[in-house]
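Okay, so here's the structure we're looking at.
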Amino acid sequence: MEYNFRKIEKLWQQKWKEEKLYEVKNFSSKPKCYVLDMFPYPSGVGLHVGHPLGYIASDIYARYKRLKGFNVLHPMGYDSFGLPAEQYALETGQHPAVTTENNITSFREQLENIGFSFDWSREIRTSDPAYYKWTQWLFLQIFNSWYDEKENKARKIEELVKIFDAHGNTSDTGQQKSKINFTAAEWKTYDAAKQLDVLMQYRLAYAALGEVNWCEALGTVLANDEVINGFSERGGHPVVKRKMRQWYLRITAYAERLLKGLETVDFSDAMKEMQRNWIGRSEGAEMKFVTLTRTIENLQTENSIVVYTTRPDTIFGVDFMVLAPEHELVEALTTTAQESKIRAYQEYVKSRSERERLAEVKQVTGAFTGSYAVNPFSGVEVPIYISEYVLAAYGTGAIMAVPSGDQRDFDFAKHFRIPVTNIIGDQFDGEEANPTKDAILTNSRFLDGIMMKDAIPIVLQKIEELGIGVRKINYKMRDAGFSRQRYWGEPFPIVYKQGIAYPVGEGHLPVELPHVDKYSAGPEGEGPLANIPGWVHLAGSFKRETNTMPGYAGSSWYFLRYADPDNDHEFASKKATDYWNQVDVYVGGTEHAVGHLLYSRMWTKILYDLGMISFEEPFKKLVNQGMIQGSSRFVYRISGTNRFVSFNLKDKFETDKLHVEVNMVDGMILDTGAFKKWKPEFATAEFELENGKYICGAEVEKMSKSKFNTINPNDLIEKYGADTFRMYEMFLGPVEQSKPWDTKGIEGVHRFLKKLWRLFYDEQQRAVWTTEKPNDQELKILHKTIKKIEEDTARFSFNTAISAFMVCVNELGDCKCHKTDILLPLLILIAPYAPHVAEELYQAVTAATKEKFLSSNSILDSQFPSFESKYLIEYAKAYPVSVNGKMRTTISMDLAATQEDVEKMVLENEVIQKWTDGKPVKKIIYVRNKMVNVVI
RNA sequence: GCGGCGGUGGCGAAAUUGGUAGACGCACUACUUUGAGGUGGUAGCGCCUGAAAAGGUGUGGGAGUUCGAAUCUCCUCUGCCGCACCA
């Protein structure tokens with residue numbers, strides 16, 4: 001029998017499917033393990049070798065856990081709603097439902113070849129009404145919740161109504177601060193509409209008028225994480241700020257818990273740091289500055305500016321105040337003399353796009369209001385300016401400026417010639433600000449002589465004592481915009497009557513997405529759904545919400561649905577989610593660091609608070625697979641001709657660099673014949689060769705069709721088989737690492753599988769395996785491998801595990817070991833990596849040796865072998881020995897030395913005995929392969 | 001600017017976390033199998049000196065801790081990623 005991977009892979013994939021081998025049952029006496037991939041967006045551009053990387057990793061882990069006796073949930077589905085699917089549908093002129101379906105089919109076909117062990121019976125799609133019914137239902141639960149800051153959890157809105165009925169919102173009952181205050185009596189006088197309006201301010205999913213990121217080209221608003229430097233993440237279109245009524249998720253209520261939760265979860269440092277950064281927690285104080293506005297007639301003092309600062313210790317260094325241009329007090333503080341200047345500046349700020357602002361960060365601009373603020377500690381009056389470097393959205397939209405300690409404040413002071421107070425002595429050079437906390441304060445009255453960082457708590461306490469401010473924790477994170485003016489998303493289960501939002505009754509879910517023929521935007525920034533009057537207008541003058549939910553709605557909870565995918569009366573039964581519980585390992589790219597991963601963590605916390613699930617963090621461990629980059633090849637065409645010069649000759653001419661299809665290049669050598677046939681324009685190409693060859697240029701770039709550097713997994717599978725492909729992808733390097741694709745090395749892995757095959761069948765395809773009992777040396781090889789594979793697989797170090805397989809197979813080849821007692825356990829070890837070969841060989845052997853192994857139908861039902869440590873002791877010529885980490889000597893051993901022999905020789909060695917000096921030896925530790933540490 | 005992670009042969013990378021650096025694979029060289037190509041097999045392969053034996057040197061650079069450092073500490077150079085007017 002020869003290693004015919006094409007035949008055996010097809011055969012076993014077929015068989016596994018027929019026997020529903022990977023379908024997993026809820027509940028089992030076995031321990032559970034939930035291994036999940038981030039579900040893909042069915043985008044329509046075919047797969048390249050980078051896509052399956054994470055799926056291979058998770059598949060190996062899932063298969064490994066099955067062999068270890070776990071009941072493993074390893075599902076797959078599609079994130080089929082969202083902007084890109086709609087854009088793709090627009091470009092191709094087909095309905096998104098159709099393109100999505102097609103894309104899913106081709107995606108699935110490509111995946112099938114690789115031999116994954118997904119339980120396809122649990123497949124879900126976010127665009128399926130049976131699925132989004134529950135996305136809508138969950139939205140309503142969030143809509144019907146508020147955040148109790150005292151109990152630190154979400155609660156039902158009815159409970160808040162009870163609180164208002166009894167106490168109004170003035171007493172401290174945990175609800176968030178509100179702009180309007182009312183007593184219980186006042187609350188009861190409100191009519192239903194007014195009460196709903198008030199409640200809207202407390203809901204975890206709420207509609208409000210706010211500044212949104214509006215993308216004209218996409219015709220929709222975007223969430224903060226979908227905007228990168230003033231451009232849309234998707235498509236790179238300009239994004240502007242715009243006031244609109246939008247739905248939001250009150251993720252800010254969860255800021256602290258999202259931060260704390262990171263400590264309980266196994267994510268990479270980089271990932272945690274990105275999330276912390278996004279949440280952007282800072283500790284400081286809010287402080288009141290009374291303002292003085294001198295007009296010709298009188299002096300006004302009713303106003304006060306509240307600023308936020310993390311550096312209260314610098315209070316005596318405040319030389320001026322700055323408000324955001326949009327700040328509500330600007331008008332009141334502007335004196336008649338300054339009015340025109342302030343107006344002009346505000347106009348200027350309005351005229352600038354977000355993009356211009358970000359591009360010109362360094363430029364100092366601003367205007368003086370004419371008013372002054374009184375430093376509450378020193379009584380010093382400082383001028384009040386407005387400037388766009390102060391952001392309305394962060395803190396209180398106003399700052400106390402300390403030019404000696406903050407570079408931006410310093411630049412501003414310099415520009416407007418404001419005198420700078422030095423509060424840090426020689427630490428300030430007058431040339432630039434020094435933001436240190438380690439300086440001794442000067443010019444700071446009661447703080448003089450105190451180290452800045454020690455002064456912070458002193459000032460904080462004083463602020464609270466004097467009643468001029470409070471300690472305050474601030475977050476950069478904003479509430480998440482939750483509505484999109486697009487078609488291809490979940491419709492909101494919300495209807496309006498006279499502008500008041502009402503939830504759609506549960507019996508009316510799902511609110512199905514109606515079919516449309518055109519996707520053009522509706523009136524007034526509304527989405528395409530607004531163009532269907534028959535759908536929008538309901539009986540009783542109710543009107544539907546025409547926005548749809550964003551892409552992350554469906555993906556925020558999908559991991560829960562896999563536990564119970566066919567449930568049509570619950571999003572998932574509590575029993576099922578309790579059983580499968582947290583995702584044990586979640587595999588996916590880093591690109592969802594601040595989007596999906598934060599939203600799904602938030603939804604999980606809400607559901608936990610509402611008692612619907614029993615865990616607070618969705619993902620116990622996160623593995624971020626690296627990107628596989630493409631290795632592009634280039635040819636150099638002499639400008640204006642059809643002549644191509646080889647790489648090292650190109651500098652002699654003026655050339656254009658052109659991408660060339662990487663599959664036509666062997667190493668760096670171009671197949672000129674194939675090149676001529678590639679495109680009609682190259683049919684007449686001439687070549688300037690070096691040593692008879694055309695040498696290409698090379699660069700590492702993102703893998704993409706347009707760069708002609710994509711490698712299709714199917715081509716490799718056709719040539720080498722799925723097992724080789726799987727192992728090679730893992731052998732390239734650590735899963736987490738990004739690396740350029742290089743097809744060259746795949747031969748080595750393929751060779752390994754052929755060697756493995758030859759342990760069972762010789763060149764004449766005769767079975768050579770025997771049921772002879774193995775000797776100690778052979779057992780040692782096996783047990784060493786078992787130990788290594790178990791350790792490496794458990795910690796996702798698949799590249800080193802594969803190296804260990806190679807060593808093992810080489811060693812067994814060297815000692816001509818063909819014994820089933822060694823080979824069958826080895827096959828089980830390999831099964832997660834190369835399931836098809838392992839199954840084929842295992843079945844062939846067990847079929848022939850009936851009595852012993854027939855109990856298992858498939859290699860998947862077998863047990864991961866256990867190792868015995870007595871076989872792991874290394875044989876060596878010489879053992880270096882160190883005593884108590886102090887000195888080192890070398891003891892010669894013969895090759896057949898056992899553990900006992902080694903111990904005996906160590907203890908009896910003269911030099912060692914001299915060092916131990918009669919003290920008893922506590923233990924002998926074997927470090928590295930051939931070294932011993934003796935502890936006394 | 002701030003933050004995170006790295007830097008080891010010609011290349012991808014190992015090093016059981018302080019214990020013989022470079023496992024394993026690719027590429028390369030020689031021999032061998034074969035009519036030839038491919039395949040398979042054997043051996044060599046960090047760098048320098050040397051015919052060899054052997055010796056010296058070696059984990060971006062510099063210092064330090066240690067019997068012992070790729071691994072720990074400090075300084076420095078450099079690459080990648082993330083954030084960025086956040087008070």
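Order of the sequence lines fixes the chain letters, A, B, ..., with proteins taken first and strands second; residue numbering starts at 1 for each chain. Only a predicted model underlies this, so the values are computations on that prediction, with no experimental measurement involved.
- Across the C1' atoms, B:G46 and B:A27 are found 15 Å apart, a figure rounded to whole Å.
- Here CE of A:Met452 is found 7.5 Å from OG of A:Ser444. Values are rounded to the nearest 0.5 Å.
- Listed candidates were B:C83, B:A14, B:C85. Nearest to the side chain of A:Tyr389 is B:C85.
- Side-chain proximity of A:Ile399 to the nucleotides B:C85, B:C24, B:A87 is greatest for B:A87.
- Listed candidates were B:G82, B:C24, B:A13. Nearest to the side chain of A:Ser803 is B:C24.
- Between A:Leu622 and A:Leu597 the shortest side-chain heavy-atom distance falls below 4.5 Å.
- For B:A87, one of the phosphate oxygens OP1 or OP2 lies less than 4.0 angstrom from a side-chain nitrogen or oxygen of A:Tyr394.
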Pairing annotation in dot-bracket form, given for RNA chain B with Watson-Crick or G-U pairs under 3.5 Å and | for cross-strand partners
(((((((..(((......[....))).(((((.......))))).((((....))))..(((((..]....))))))))))))....

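- Annotation: B:G58 and B:A53 have their P atoms spaced 22 Å apart (nearest Å).
- For the 3.5 Å distance criterion, the side chains of A:Asp411 and A:Gln407 qualify, holding a donor opposite an acceptor.
- Looking at A:Arg478, its side chain never comes within 3.5 Å of a backbone N or O of A:Ile251 through a donor-acceptor pair.
- For the residue pair A:Tyr308 / A:Ser282, a side-chain donor-acceptor distance below 3.5 Å is found, with atom types taken as modelled.
- Residue A:Asn799 places at least one side-chain N or O closer than 4.0 Å to OP1 or OP2 of B:A14.
- Side-chain nitrogen and oxygen atoms of A:Gln737 include none within less than 4.0 Å of the OP1 or OP2 phosphate oxygen of B:G12.
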Tell me, for nucleotides 36-45 of chain B in 5' to 3' order, what letter each nucleotide earns: B for a base near a protein heavy atom under 4.0 Å, S for only sugar-phosphate near one, - for neither?
---SSS----

